[in-house]
Amino acid sequence: MVEISKTGVTLRQLQILREVVRSGSERSAAKALEITQPAVSQQIRILEGLLGVQLFVRDKGRLVPTAHTMTLFRDTDATFVQIERVAKTVASLKGVDSDTISIAAPHIFSLRLLPEAFRKLRSHQPIAGIVLKSGTYPEVAEHVLEGRADLGIARLPLDGNVFDWCPATTATNVYICPRGHRFTHKDIIRPEDLVGEPLADVEPGMQSHLMNENAMRYMGAEPHLAIQVDVIGQEVSFVAAGLGISSSNTFAASQFASFPVEVRPFEPSALYHYVVFWQKGRRFGTLLQETIKVLVECAQVDAEDREDAGTYP
């Protein structure tokens, strides 16, 4: 075992500590590391003796890390994330393909795009497991940059100094409405139509949503944000329930085909460029190359479907 600066503390002990913090139990940590639970308990006791501090307290059967532990965990976690990133780089240089893929994307793409892509991929590629990392577009980029995900789905701009990408599809602004809403009789929705309408929308900060809200403010009307969510895609449930309408774009809205909602174009609109992206310069084996191809194909199918439907799901 690799000892750290003659402290007696080993990387393996820190790896065990990290897994216990992440999982909240020695049993789960043992399963993740493929060792026995007594081995985990023993290494935690040894680590406490070496450091001279208590690392965990028990609360209703769960291990709660102390403040000392969290200080150590933050640095330890960053170290192992970097090691995992290096391991993936080494594997790619050797042409070794993992049978597990990890993808980062906003939650909304778990509704349609990703399930369709994985089903298609699994029909002709052996895949042992799939790991999904969700979040906002900046969080998705961070997952890929830090090596927690092999690939990401996001929209431009991205930093070309640290990422490479493959174009997937483009999109324009729309509004999502419950079926039977007065907007379903309109061909195009404009800012003046939104005055007084309750909005079920992602919390302020998303650029596309701010554009629509600022168009209303320009007319002297304050948007009525009736429901705010913090995850892209959550808003559709509230729209379907008749609690408001929501701004989106044609690609994101294509994920809502299973919900009882309708979509109408909004003007003025912007053009969004969606991509599948990865760490700059990274080389991929057959599985990840095929994954990129399938993700792009499925994104383009979604685009064709919405064109055939006149942008309506």
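Basis for what follows: all heavy atoms, side chains included, without hydrogens, waters or symmetry-related copies.
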Q.
Once rounded to the nearest 0.5 Å, what's the spacing between atom CD of Glu197 and atom CD1 of Ile245?
A. 4.5 Å
Q: Look only at the side chain of Gln54 and the backbone of Phe56, and say whether a donor-acceptor pair between them is shorter than 3.5 Å.
A: yes
Q) Counting distance only, does the side-chain N/O of Lys120 pair as donor-acceptor with the main-chain N or O of Val294 below 3.5 Å? A) no
Q: Output yes when a side-chain donor or acceptor of Ser134 lies under 3.5 Å from a complementary backbone atom of His107, and no otherwise.
A: no
Q: Using atom types as modelled and distance alone, determine if a side-chain donor or acceptor of Gln43 lies under 3.5 Å from a backbone N or O of Arg12.
A: no
Q | Charged N-O contact under 4.0 Å between Glu262 and Arg179 | A | no
(Q) Any carboxylate oxygen within less than 4.0 angstrom of a Lys/Arg side-chain nitrogen, looking at Asp164 and Arg282? (A) no
Q | Sole residue of Val239, Val263, Ile176 in side-chain contact (heavy atoms from CB on, under 4.5 Å) with Phe256 | A | Ile176
Q: Could you state whether Val64 and Val53 fall into the same hydrophobic cluster, counting links through intermediate Ile, Leu, Val, Met, Phe, Trp or Tyr residues with side-chain heavy atoms under 4.5 angstrom apart?
A: no
**Q.** From Asn173, Thr250, Asn249, residue fulfilling side chain to side chain donor-acceptor pair (under 3.5 Å) relative to Tyr272
**A.** Asn173
Q) Would Val57 end up clustered with Val21 when hydrophobic side chains under 4.5 Å apart are linked, directly or stepwise? A) no
(Q) Tell me whether Ser247 contacts the main-chain N or O of Tyr175 through its side chain, where contact means a donor paired with an acceptor under 3.5 Å. (A) no
**Q.** Thr184 backbone acceptor or donor facing Arg264 side chain under 3.5 Å
**A.** yes
**Q.** Flag, side chain of Gln13 to backbone of Thr10, donor-acceptor distance under 3.5 Å
**A.** yes
Q: Verify whether the ring centers belonging to Phe80 and Phe73 lie closer than 6.0 Å.
A: no
Q: Report the C-alpha separation of Ser41 and Glu26 in whole Å, then their side-chain angles, then the decisive distance to 0.1 Å, and conclude whether the side chain to side chain donor-acceptor pair (under 3.5 Å) test is met.
A: CA-CA 7 Å; Ser41 300; Glu26 292 178 344; 2.4 Å; yes
Q. Is the side chain of Thr71 donor-acceptor paired with the backbone N or O of Ala67 at a distance under 3.5 Å, no angle test?
A. yes
Q | Distance-only donor-acceptor check, side chains Thr76 and Thr79, under 3.5 Å | A | no
Q: Would you confirm whether Asp77, through its side chain, and Arg74, through its main-chain N or O, come within 3.5 Å as a donor-acceptor pair?
A: no
Q: Kindly indicate, with the supporting measurements, whether the criterion ring pair (Phe, Tyr, Trp, His ring centres under 6.0 Å) is fulfilled by Phe251 and Phe109.
A: CA-CA 10 Å; Phe251 183 41; Phe109 296 114; 5.0 Å; yes
Q) In this structure, which one of Ile108, Leu113, Val140 forms a side-chain contact (heavy atoms from CB on, under 4.5 Å) with Ile153? A) Leu113
Q. Should the pair Glu48-Arg45 be classified as a salt bridge under the 4.0 Å nitrogen-to-oxygen rule?
A. no
